Asker: 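Structure provided below as structure tokens; questions to follow.
What you see is a predicted model, and the numbers here were worked out from it, not measured in a lab. Throughout, a chain's letter reflects where its sequence line sits, starting with A, and its residues are numbered from 1.
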Amino acid sequence: MSEVRVRIAPSPTGPLHLGTARTALFNFLFARHTGGTFIFRLEDTDQARSTEAYELDILEGLHWLGIRWDEGPGIGDEPERGSYGPYRQMQRLERYEEAATRLLAQDQAYYCYCTPGELEAERRRQEAARETVRYSGRCAHLTPAERGAFEAEGRRPVVRFRIPPNRTIAFDDIVRGHVEIDTAALGGDLVILRSDGTPLYHFTVAVDDAAMAISHVIRGEDHLSNTPKHILLFEAMGAPIPQFAHLPLILNPDRTKMSKRKSQTAVADYRAQGFIPEAFVNYLALLGWSTGTEEEVLSQAELIERFDLSTVNSAGAVFDRERLVWLNGQWIRRLSPDDLMDRLRPFLQADLDAGRIDWLPSDEEIRALLYVVQERLPTLAAVGDLIRFLFVKNLDPDVAAMVPKRWDAATTAAALSAARRTIADVGRVCWEADEIEPPLRSLVEDRRWQAGDLFMAIRVAVTGRTASPPLFDTMVALGYERTLARLDRAIEKLEAQAAAAP
RNA sequence: GCCCCCAUCGUCUAGAGGCCUAGGACACGACCCUUUCAAGGUUGAGAUCAGCGGUUCGAAUCCGCUUGGGGGCACCA
């Protein structure tokens with residue numbers, strides 16, 4: 001078998017899309033598994049919609065996911081790599097022109113002078129007559145005189161590639177098996193060069209895949225019906241035909257092709273929401289493929305080792321955010337403390353910028369909290385919800401939340417006062433969770449309280465919420481002075497409440 | 001409209017003719033653990049394998065049809 005060369009060829013007409021990321025990943029996994037070459041090529045011939053910002057978003061997004069290419073553009077100041085370049089189609093225009101010229105010379109392509117208006121009218125008529133919509137081939141056999149007349153009118157021709165009218169194109173798709181499509185269904189002769197001379201997608205794909213010696217074309221199922229056009233172009237250029245593998249589409253919950261209208265499709269958004277690349281890659285790899293075992297949490301290395309294109313599913317897969325969140329939690333729990341700390345910092349900074357906390361916790365403060373926080377994080381962005389109360393100056397605990405069902409405001413105030421004395425005594429000696437808990441438990445026992453009642457009252461007093469990391473660790477993180485101050489403030493509020501409504 | 005593809009729990013999937021009274025995971029319920037929230041553990045509910053015909057001693061698995069869904073048919077990619 002010849003060398004494996006695969007490619008991802010996104011178009012910078014939008015931010016990195018989930019589907020592009022998944023296709024890139026499958027190409028990458030296949031290349032790494034087989035020891036082949038993974039190529040990145042930018043399809044930027046749609047000048048009207050392409051932007052540099054999108055290009056950067058795609059480059060950086062794939063990089064963030066840990067998907068590296070062997071050939072393709074560099075990021076930032078990095079130079080382009082690979083000997084089949086350039087890898088930006090706008091820098092390959094002469095090649096398409098040359099290829100088109102060759103096809104014209106061989107009469108496999110011709111100039112077409114139909115205007116967009118004429119084409120539009122033709123299509124309407126076909127639709128009205130319930131005919132198959134296709135280019136009629138009006139310009140397929142113009143005489144030099146006719147061409148001259150059109151030129152004299154000032155018409156600028158497109159170049160069309162001749163699609164044979166009655167041929168069945170067959171290929172063996174790696175994921176779908178044998179596929180046959182009749183050329184009659186292809187819509188007639190294909191425009192390969194616009195009237196301004198720039199090339200169109202189906203043409204550039206075939207020219208570049210041939211020039212870059214692509215061995216396997218791995219892409220979304222939405223290209224399945226277009227494959228015969230590409231095969232015909234490969235044939236016309238005398239290029240070998242690559243193997244095809246059409247991946248199932250990623251779907252909206254209503255099972256239509258995933259779109260930004262109905263789902264969140266930008267990879268950057270997931271990143272901003274605190275998903276980590278390990279989980280994202282893991283999730284994407286398992287959308288439409290599985291190892292065949294019951295393994296679910298897999299690293300990039302494990303995915304590469306197990307990946308097999310021939311066991312990719314053929315049915316579309318609904319994107320399930322809940323499952324992604326679960327995997328994200330799995331991966332967050334596997335991070336080392338230092339790593340987690342580094343990844344959390346930007347999210348805490350964002351909380352500070354948004355005014356949700358009053359100062360940025362120091363590394364020591366974060367480190368002290370890691371072990372209580374790590375198993376509670378579904379996403380990195382959730383860190384604020386978990387520990388925000390530690391980094392605000394003032395807390396205004398809700399009295400109703402503080403008072404357990406069995407108590408009223410006055411008894412809660414009294415209980416907290418007793419607890420405050422106990423805590424104050426402990427803290428002077430040694431401010432550690434193991435030192436705080438026993439005396440509070442004996443207090444509970446002496447007074448015949450329910451442990452949960454007292455602890456909940458303290459929790460709300462000290463954190464302002466009914467759900468928090470473990471209470472004693474939380475108090476340690478808060479510090480002796482601030483814990484007491486918050487208890488005092490809570491007792492004040494409770495007493496005021498008790499006095500107002502006895 | 002025409003062409004192509006697809007079809008197992010709500011979702012992602014295992015399943016390559018007997019191992020399937022269909023397994024796992026997410027989500028959901030219960031219980032255990034427990035100071036709350038998580039995490040973890042145990043467990044439950046959840047799929048007449050879209051339907052109908054065939055092939056076969058035997059079908060979720062092979063074939064055909066039907067139905068349903070999706071995708072493609074640009075001087076977009």
Asker: Does B:rC73 have OP1 or OP2 sitting under 4.0 Å from an N or O in the side chain of A:Arg134?
Answerer: no
Asker: So A:Ser290, base contact, sugar-phosphate only, or nothing? Heavy-atom distance under 4.0 Å.
Answerer: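 Since only primed, P, OP1 and OP2 atoms lie under 4.0 Å of A:Ser290, the category is sugar-phosphate.
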Asker: Which residue, A:Gly292 or A:Arg49, contacts RNA chain B at a nucleotide closer to its 5' end, judged by nearest heavy atom?
Answerer: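 Mapping each residue to its closest nucleotide by heavy atoms, the 5'-most match is A:Gly292.
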Asker: Out of the candidates A:Thr463, A:Leu471, A:Ile436, only one should pair with A:Ile458 under the side chain to side chain contact (heavy atoms under 4.5 Å, CB included) rule; please name it.
Answerer: A:Leu471
Asker: Using salt bridge (charged side-chain N to carboxylate O under 4.0 Å, His left out), reason through A:Glu445 and A:Arg441 one step at a time and then give a plain yes or no.
Answerer: CA-CA 6 Å; A:Glu445 218 168 295; A:Arg441 290 218 181 258; over 6 Å; no
Asker: Could you list the donor-acceptor pairs under 3.5 angstrom formed by side chains in residues 377-391 of chain A, with sequence neighbours left out?
Answerer:
unit_1: A:Thr379; atom_1: OG1; unit_2: A:Ala382; atom_2: N; d: 3.4
unit_1: A:Asp385; atom_1: OD1; unit_2: A:Arg388; atom_2: NH2; d: 2.7

Asker: Report which part of the nucleic acid A:Ala317 touches: base, sugar-phosphate, or nothing (heavy-atom distance under 4.0 Å, all strands).
Answerer: sugar-phosphate
Asker: Phosphate oxygens OP1/OP2 of B:rA77: is one of them under 4.0 Å from a side-chain N or O of A:Thr45?
Answerer: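 Answer yes for this pair, as a side-chain N or O of A:Thr45 is under 4.0 Å from OP1 or OP2.
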Asker: Just to be sure I understand the rule, does A:His246 reach a base, reach only the sugar-phosphate, or reach nothing, if contact means heavy atoms closer than 4.0 Å?
Answerer: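 Here A:His246 touches no strand at all.
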Asker: Does B:rG40 have OP1 or OP2 under 4.0 Å away from a side-chain N or O of A:Gln330?
Answerer: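 Yes, such a contact exists.
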Asker: Whom does B:rA25 pair with, Watson-Crick or G-U wobble, provided both distances fall under 3.5 Å?
Answerer: B:rU11
Asker: Does A:Arg459 get its side chain close enough to the base of B:rU35, under 3.5 Å, for a donor-acceptor pair?
Answerer: yes
Asker: Can you tell me which residue among A:Arg219, A:Arg176, A:Glu221 is in a side chain to side chain donor-acceptor pair (under 3.5 Å) with A:His246?
Answerer: A:Arg219
Asker: In whole Å, what separates the P atom of B:rC65 from that of B:rG24?
Answerer: 36 Å
Asker: In whole Å, what separates the P atom of B:rC52 from that of B:rU48?
Answerer: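 Those two atoms are separated by 12 Å.
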Asker: Between A:Arg194 and B:rA77, does any side-chain N or O lie under 4.0 Å from OP1 or OP2?
Answerer: yes
Asker: For A:Gln47, does the CD atom sit with more than 12 other heavy atoms under 6.0 Å from it, leaving out its own atoms?
Answerer: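 For A:Gln47, atom CD is crowded (more than 12 foreign heavy atoms under 6.0 Å).
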Asker: Taking only the C1' atom of each, what is the distance from B:rA59 to B:rA16 in whole angstrom?
Answerer: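 Per the computed distance, 13 Å lies between those C1' atoms.
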Asker: At under 4.0 Å between heavy atoms, what does A:Asp46 touch on the DNA or RNA strands: base, sugar-phosphate, or nothing?
Answerer: sugar-phosphate
Asker: Within the structure shown, what part of the strands sits under 4.0 Å from A:Glu322 by heavy-atom distance: base, sugar-phosphate, or nothing?
Answerer: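 Sugar-phosphate contact only - A:Glu322 comes under 4.0 Å of backbone atoms but never of a base.
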Asker: So A:Val158, base contact, sugar-phosphate only, or nothing? Heavy-atom distance under 4.0 Å.
Answerer: base
Asker: Pick base, sugar-phosphate or nothing for A:Thr13, based on heavy-atom distances below 4.0 Å to the nucleic acid.
Answerer: nothing
Asker: Checking salt bridge (charged side-chain N to carboxylate O under 4.0 Å, His left out) for the pair A:Glu278/A:Arg334: CA distance, chi angles, key distance, verdict?
Answerer: CA-CA 10 Å; A:Glu278 290 88 337; A:Arg334 284 167 167 76; over 6 Å; no
Asker: For the backbone of A:Lys257 and the side chain of A:Asn252, can you confirm whether one donor and one acceptor N or O come within less than 3.5 Å of each other?
Answerer: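 Here the side-chain-to-backbone pair exists.
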Asker: C1' atom, B:rA7 versus B:rU61: distance in rounded Å?
Answerer: 14 Å
Asker: Taking any heavy-atom pair under 4.0 Å as a contact, classify A:Gly220: base, sugar-phosphate, or nothing.
Answerer: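 It contacts nothing in the nucleic acid.
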Asker: Taking atom C1' in both B:rC28 and B:rG10, what distance in whole Å separates the two?
Answerer: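 To the nearest whole Å, 10 Å.
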Asker: Looking across every strand, which nucleic acid part, if any, lies under 4.0 Å from A:Arg465 by heavy atom: base, sugar-phosphate, or nothing?
Answerer: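 The answer is nothing, as A:Arg465 stays clear of every strand by at least 4.0 Å.
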Asker: Over 60° means perpendicular and under 30° means parallel, so tell me whether A:His230 and A:Tyr201 are parallel, tilted or perpendicular.
Answerer: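 Rings of A:His230 and A:Tyr201: perpendicular, as their planes differ by over 60°.
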Asker: Using a cut-off of 4.0 Å between protein heavy atoms and nucleotide atoms, how would you tag nucleotides 1-10 of chain B 5' to 3' with B, S and -?
Answerer: --SSSSS---
Asker: Nearest 0.5 Å, please: how far is CE in A:Met90 from OG1 in A:Thr204?
Answerer: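 That separation rounds to 11.0 Å.
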Asker: Should A:Lys257 be listed as having a side-chain N or O under 4.0 Å from OP1 or OP2 of B:rG69?
Answerer: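 Looking at the OP1 and OP2 atoms of B:rG69, neither is under 4.0 Å from any side-chain N or O of A:Lys257.
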Asker: Within residues 416-424 of chain A, find the residues that approach RNA chain B with a heavy atom at under 4.0 Å, and present them sorted by residue number.
Answerer: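 Heavy-atom cutoff 4.0 Å gives no residues at all.
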Asker: So, does A:Arg255 get its side chain near the phosphate of B:rU11, meaning an N or O under 4.0 Å from OP1 or OP2?
Answerer: yes
Asker: So what does A:Tyr283 hit on the nucleic acid, given a heavy-atom distance under 4.0 Å: a base, only sugar-phosphate, or nothing?
Answerer: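 Nothing, no nucleic acid heavy atom in range.
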